[in-house]
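Below, each value reflects all heavy atoms present in this structure, side chains not excepted, and no hydrogens, waters or symmetry copies. Small disclaimer: the values here were computed from a predicted structure and weren't measured. Numbering of residues begins at 1 and proceeds along the displayed sequence.
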Amino acid sequence: MSADNSATGAGTGTATPPGPAPAVLPPLHCLRLTAPGPPRLAALPTGTPVWLVSRHSDVRQVLTDPRLGRAPLHTPDAPPLTLTPNLLDDPNGLLNIDGVEHQRLRRTVQRAFTPRAIARWRPWVASVVEGLIDELIDGGSPADIVSGYTRPLPVAVISRLMGLDLLDSKRLEHWSDHALATTAFTAQAIRTAMDEFAAFGAEVVAERRAAPGDDLVSGLLTAAADTPGITEEQIVTLVIGLVVAGHETTMTSLGNALVYLLGEGRDAWEQLASDEQSAAAATEQLLRVVPLGDADVLPGLLRRAAEDVEIGGVRIPAGSVVAADVNAANTDPGVFTGDLLTELFSPLAAPMYTFGAGPHHCLGAWLARMELELALHRLARRLPALRLAAPQEAIDWRRGLLTRSPQRLQVAW
């Protein structure tokens, strides 16, 4: 999706937690979400107190109020947020810069992600989708749809957009898993992988300076050269952040959407195949209802109060960490009255916050939408008999990361 949003397999092995894990995890569309209510105090895994904000209107305030920022989360006096390092905590990242500095850095890339710019990519993305489906069919039934479809599609798209067609997908997998790890790897392993990833990003930046091309990195460098105040470290962090965010959350959303659609939502498969408008509506509802990860790992989009702020009738003291629970807000019964079974093809009753809102609204939202719409519509059209080849209880999940999706998903047709 984007480096500017806090939501968002390894080359050395599958990402798994070092300790025991539950034998069976429920699909993410089956999670019991927080019932929206007034802001309440809880704690992050580090023990840091956090105000959980869950009502739709309150979450919007948290994400749009300039008194609640990302940069204060990373000042010297800030409390610890995570037990292990991850890419989202880099203070040089677009996600963690506010105000004028944030706008200046964001402008270097945002033109590439406007709806008009993304629309120009639609025919090419559709051709990638069709090619992957051809390969899936040629490989025969049953098949693992993760390795054959949900992972290679967004990797191909972001690689082409950034001019990284020769990037080894296993290296990308390795770096991405470490970048978003919680318990899957040790802190030292994560730091080592992030150092390697940063070195790769610096190498790409140097190459594009020497030989610019028609790609996002070259465009970023051109814009940055005309924008005073942007550091080399910010540019490199932005490049690697876009690489990860540009495929990880789309892969996660697509895999989890297929778990639902080939299970409880199987009756919708025929309508998904009928036209792209139905797929577009379904994409919005699936993005609204199906979380990207588990609530105990990803409690919400974090902000910190620069001064006292009243949210939902509750005074939040200056210096407090606040978590906007977008999953609860996206299913707030005061705003959204239906579920996926009844509302899959209906327009949204109100804005959803999966992509955030306000200054840090996900840059890649329109790209993610397009990929998901095309991936679901073309797959349903080409494989009308597609079904899960094993019960949901047997799904092998990616664990120990900020996001959760199938590691493998066997399907048949």
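- Qualifying side-chain contact (heavy atoms from CB on, under 4.5 Å) partners for Ala189, counting only residues two or more places apart in sequence or in other chains: His178, Phe185, Thr186.
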Quick one: side chains of residues 342-350, donor-acceptor pairs under 3.5 Å with protein atoms, not counting sequence neighbours, listed by atom name and distance.
unit_1, atom_1, unit_2, atom_2, d
Thr342, OG1, Asp339, N, 3.1
Thr342, OG1, Asp339, O, 3.3
Thr342, OG1, Asp339, OD1, 3.1
Glu343, OE1, Ser346, OG, 3.4

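- No more than 12 heavy atoms of other residues, nucleotides or ligands lie within 6.0 Å of CZ in Arg60, so this atom counts as exposed by the packing criterion.
- There is a side-chain donor-acceptor pair under 3.5 Å between Thr252 and Glu248.
- Between Asp165 and Arg160, some side-chain heavy-atom pair lies under the 4.5 Å cut-off.
- Partners of Ser57 by side-chain contact (heavy atoms from CB on, under 4.5 Å), not counting sequence neighbours: none found.
- A donor-acceptor contact closer than 3.5 angstrom links the side chains of Gln285 and Arg288.
- Side-chain atoms of Thr331 come within 3.5 Å of backbone atoms of Asn327 as a donor-acceptor pair (strictly under, hydrogens ignored).
- Sorted by first and then second residue, the ring-ring contact (aromatic ring centres under 6.0 Å, His included) pairs involving residues 252-287 (not counting sequence neighbours) are His29-Tyr260.
- For an aromatic pair to be called close, the ring centres must be under 6.0 Å apart, and His56 with Tyr353 satisfies this.
- Side chain of Thr108 to main chain of Leu105: a donor-acceptor pair is present (N/O by atom type, distance under 3.5 Å, no hydrogens or angles).
- Between Thr354 and Leu287, the closest heavy-atom pair is OG1-O, 2.6 Å.
- Every residue meeting the side-chain contact (heavy atoms from CB on, under 4.5 Å) condition with Ala280, not counting sequence neighbours, appears here in chain and number order: Glu373.
- Side-chain N/O atoms of His360 and Asp98 include a donor and acceptor closer than 3.5 Å.
- Annotation: the span from Phe200 atom CZ to Leu164 atom CG amounts to 5.0 Å, rounded to 0.5 Å.
- Few gaps surround CZ on Arg266; more than 12 heavy atoms of other groups in view lie less than 6.0 Å from it.
- Here Asp77 pairs with Arg304 in a salt bridge; the nearest charged N to carboxylate O distance falls below 4.0 Å.
- Annotation for Asp214: atom CG does not count as buried by contact number, only 12 or fewer foreign heavy atoms lying within 6.0 Å.
- The closest donor-acceptor contact from the side chain of Arg106 to the backbone of Pro359 lies under 3.5 Å.
- Between Asn256 and Pro291, the closest heavy-atom pair is ND2-O, 4.0 Å.
- Arg111 meets the side-chain contact (heavy atoms from CB on, under 4.5 Å) test with no other residue; sequence neighbours excluded.
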Walk me through it: do Leu388 and Leu409 pass the test side-chain contact (heavy atoms from CB on, under 4.5 Å)?
-> CA-CA 8 Å; Leu388 294 179; Leu409 189 63; 3.9 Å; yes
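- Surrounding CD of Glu196 are more than 12 heavy atoms belonging to other residues, nucleotides or ligands, all under 6.0 Å away.
- In summary, Asp144 and Arg408 do not engage in a salt bridge, as defined by a charged side-chain N under 4.0 Å from a carboxylate O.
- With values rounded to the nearest 0.5 angstrom, Thr250 atom OG1 is found 5.0 Å from Glu371 atom CD.
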